[in-house]
Peer 1: 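Here it is, the structure in full.
Every chain is numbered from 1, with letters handed out A, B, ... down the list of sequences. Just so we're clear, the structure is a prediction, and the values are computed from it rather than from any experiment.
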Amino acid sequence: MNSREENLHIAEVIGVWVTVFTILIGGVFAVIQYVEFKEAQRIDRALEFIDRYQSNGYFIDARIRISQALDDNLPSISEILKNPDFNDDELSKSYNAEILKMVDKESLGTSLEQLFNFYEQSLMCKDMGLCEAIVLESFIDNDAGSYTRTFYPFICSLRKEWNNPDVFVRVTNFYIASSEELCS
Amino acid sequence: MDKVFINMVCVVFTLILLQVSAQAQQSALENPDKVEKVKETKDKTENKLKEETEKKAKSRGFDPCLVNPKLPACKNSP
């Protein structure tokens, strides 16, 4: 093999390796772009949920009605919660009765069902990996958590009324640590 | 000589593809539509929250577990 043929051989080998290397890098870039695209889709879906939550008239009205009712009934609810004479059982029964009385008096049932349905859908979207979790958590978890813990007696009454222990179970399981013994 | 030439053409072609791919990724990262959409949603959210807060402020953020953690819904809560 003379010097020219040797150089040609070296050039050929180098050419093949450079090609393989660049194809590999191209492949890695393609994978990164695919992951980026999927993440962007998850963010877009989460933003659509938030947009609905923040701009849909039904949801805004429901939240305003619930806030108004809570505002009007806070003194009696606080009185029960701060009563030092109640044991755990009495506290639970009095609180349940007060919340159910408020829901009935202020006709909050439909508004609460709308909101809990929405929270359940958003949790489902997150659990299925279709929506970006951190986006939903930042915008929805605060409201959803406090509403679920405040109005859990309403959820328990729906379960009893419909004879269905799974009503809004995704919401209670996510926002209430002791959800299994919630309605017992 | 032909083999070297073909190899070199392949390398140049791959490098061009690589460059296009990198540019596409960069433009995806800096997608102005997405930034605009996030900003728009943020503005809308702030307006709605302001409206809601103005209408009823006191009960917003009420959580019975903060008042009495002995409620059944508050057990084992962090």
Side-chain angles (χ1 to χ4, degrees), chain A residues 8 11-12 14-16 18-19 22-23 25-26 29-30 32-33 36-37 40 43-44 47 50-51 53-55 60 63-64 66-74 77-78 80-83 86 88 91-92 95 139 142-143 145-146 148-150 152-153 172 175-179 181-184, chain B residues 1-26 28-29 31 33-34 37-38 40-49 51-53 55-78:
Chain A
L8 278 175
E12 192 176 337
I14 290 172
V16 169
V18 168
T19 308
T22 46
I23 287 172
I25 290 181
F29 268 106
I32 289 172
Q33 277 183 275
E36 287 278 337
F37 173 70
I43 291 173
D44 283 347
L47 286 174
I50 290 158
D51 193 43
Y53 189 59
Q54 300 293 354
S55 56
I60 292 176
R63 282 153 61 199
I64 289 174
I66 291 167
S67 292
Q68 172 102 45
L70 263 179
D71 221 20
D72 295 342
N73 291 276
L74 260 187
I77 295 171
S78 293
I80 290 170
L81 290 173
K82 288 176 181 170
N83 190 332
F86 283 160
D88 288 3
L91 173 73
S92 173
Y95 182 77
F139 284 85
N142 192 38
D143 278 0
S146 61
T148 308
R149 288 187 289 273
T150 302
Y152 77 87
T172 52
Y175 293 110
I176 297 177
S178 53
S179 62
E181 53 196 77
L182 193 65
C183 301
S184 55
Chain B
M1 192 62 178
D2 285 348
K3 278 185 181 174
V4 175
F5 178 72
I6 290 167
N7 271 332
M8 286 305 169
V9 168
C10 285
V11 168
V12 169
F13 182 69
T14 312
L15 285 173
I16 290 170
L17 277 181
L18 189 60
Q19 181 65 21
V20 169
S21 157
Q23 279 179 349
Q25 193 198 18
Q26 186 66 22
L29 288 174
N31 189 345
D33 291 345
K34 200 191 295 176
K37 193 173 179 185
V38 170
E40 196 179 296
T41 307
K42 187 168 170 273
D43 290 347
K44 206 185 269 183
T45 303
E46 281 171 359
N47 288 338
K48 292 289 175 189
L49 286 180
E51 182 189 341
E52 196 183 345
T53 309
K55 285 188 180 173
K56 278 291 156 190
K58 275 194 289 180
S59 62
R60 192 170 166 73
F62 171 76
D63 191 331
C65 297
L66 298 177
V67 185
N68 192 334
K70 286 180 182 172
L71 275 178
C74 314
K75 285 176 185 167
N76 307 324
S77 291

Peer 1: How far does SG of B:C65 sit from OH of A:Y152, to the nearest 0.5 angstrom?
Peer 2: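 The OH atom of A:Y152 is 8.0 Å from SG of B:C65, to the nearest 0.5 Å.
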
Peer 1: Taking every heavy-atom pair that is under 4.5 Å apart, which of A:D88, A:I80, A:T19 has the most such pairs with chain B?
Peer 2: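 The residue among A:D88, A:I80, A:T19 with the greatest pair count is A:T19.
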
Peer 1: Heavy atoms only, distances under 4.5 angstrom: which of A:L182, A:T22, A:I25, A:T172 has the most pairs with chain B? Name it, please.
Peer 2: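 Greatest number of close heavy-atom pairs with chain B: A:T22.
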
Peer 1: Holding to side chain to side chain contact (heavy atoms under 4.5 Å, CB included), I want the full list of residues that pass it with B:V9, two or more places apart in sequence or in another chain.
Peer 2: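 Only B:F5 meet the side chain to side chain contact (heavy atoms under 4.5 Å, CB included) criterion with B:V9.
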
Peer 1: Does B:F62 reach the side chain of A:S146, with side-chain heavy atoms less than 4.5 Å apart?
Peer 2: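 SC-SC contact between B:F62 and A:S146 ruled out.
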
Peer 1: Could I get the full list of ring pair (Phe, Tyr, Trp, His ring centres under 6.0 Å) partners for A:Y53, not counting sequence neighbours?
Peer 2: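 Result, ring pair (Phe, Tyr, Trp, His ring centres under 6.0 Å) vs A:Y53: A:F118, A:Y119.
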
Peer 1: What is the distance from atom CG of A:L91 to atom CG of B:L71, rounded to the nearest 0.5 Å?
Peer 2: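 Taking CG in A:L91 and CG in B:L71, the distance rounds to 4.5 Å.
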
Peer 1: So which residue, A:G26, A:S92, A:A69, ends up with the most heavy-atom pairs under 4.5 Å with chain B?
Peer 2: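 Option with the top pair count is A:S92.
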
Peer 1: Contact between B:V67 and A:K82 at the side-chain level, heavy atoms closer than 4.5 Å - yes or no?
Peer 2: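 In short, these two side chains touch, coming nearer than 4.5 Å.
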
Peer 1: Out of curiosity, A:L81 CG to B:L66 CG, how far, rounded to the nearest 0.5 Å?
Peer 2: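 Between atom CG of A:L81 and atom CG of B:L66 there are 10.5 Å.
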
Peer 1: Looking at every heavy atom in both A:R149 and B:P64, which two are closest together, and how far apart are they?
Peer 2: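 Scanning both residues, the minimum pair turns out to be O-CG, 3.5 Å.
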
Peer 1: Evaluate side chain to side chain contact (heavy atoms under 4.5 Å, CB included) for A:N83 paired with B:N68, printing each intermediate quantity in order.
Peer 2: CA-CA 9 Å; A:N83 190 332; B:N68 192 334; over 6 Å; no

Peer 1: Where does A:I14 contact chain B at under 4.5 Å (heavy atoms): side chain, backbone, both or neither?
Peer 2: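 It is neither, since no heavy atom gets under 4.5 Å.
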
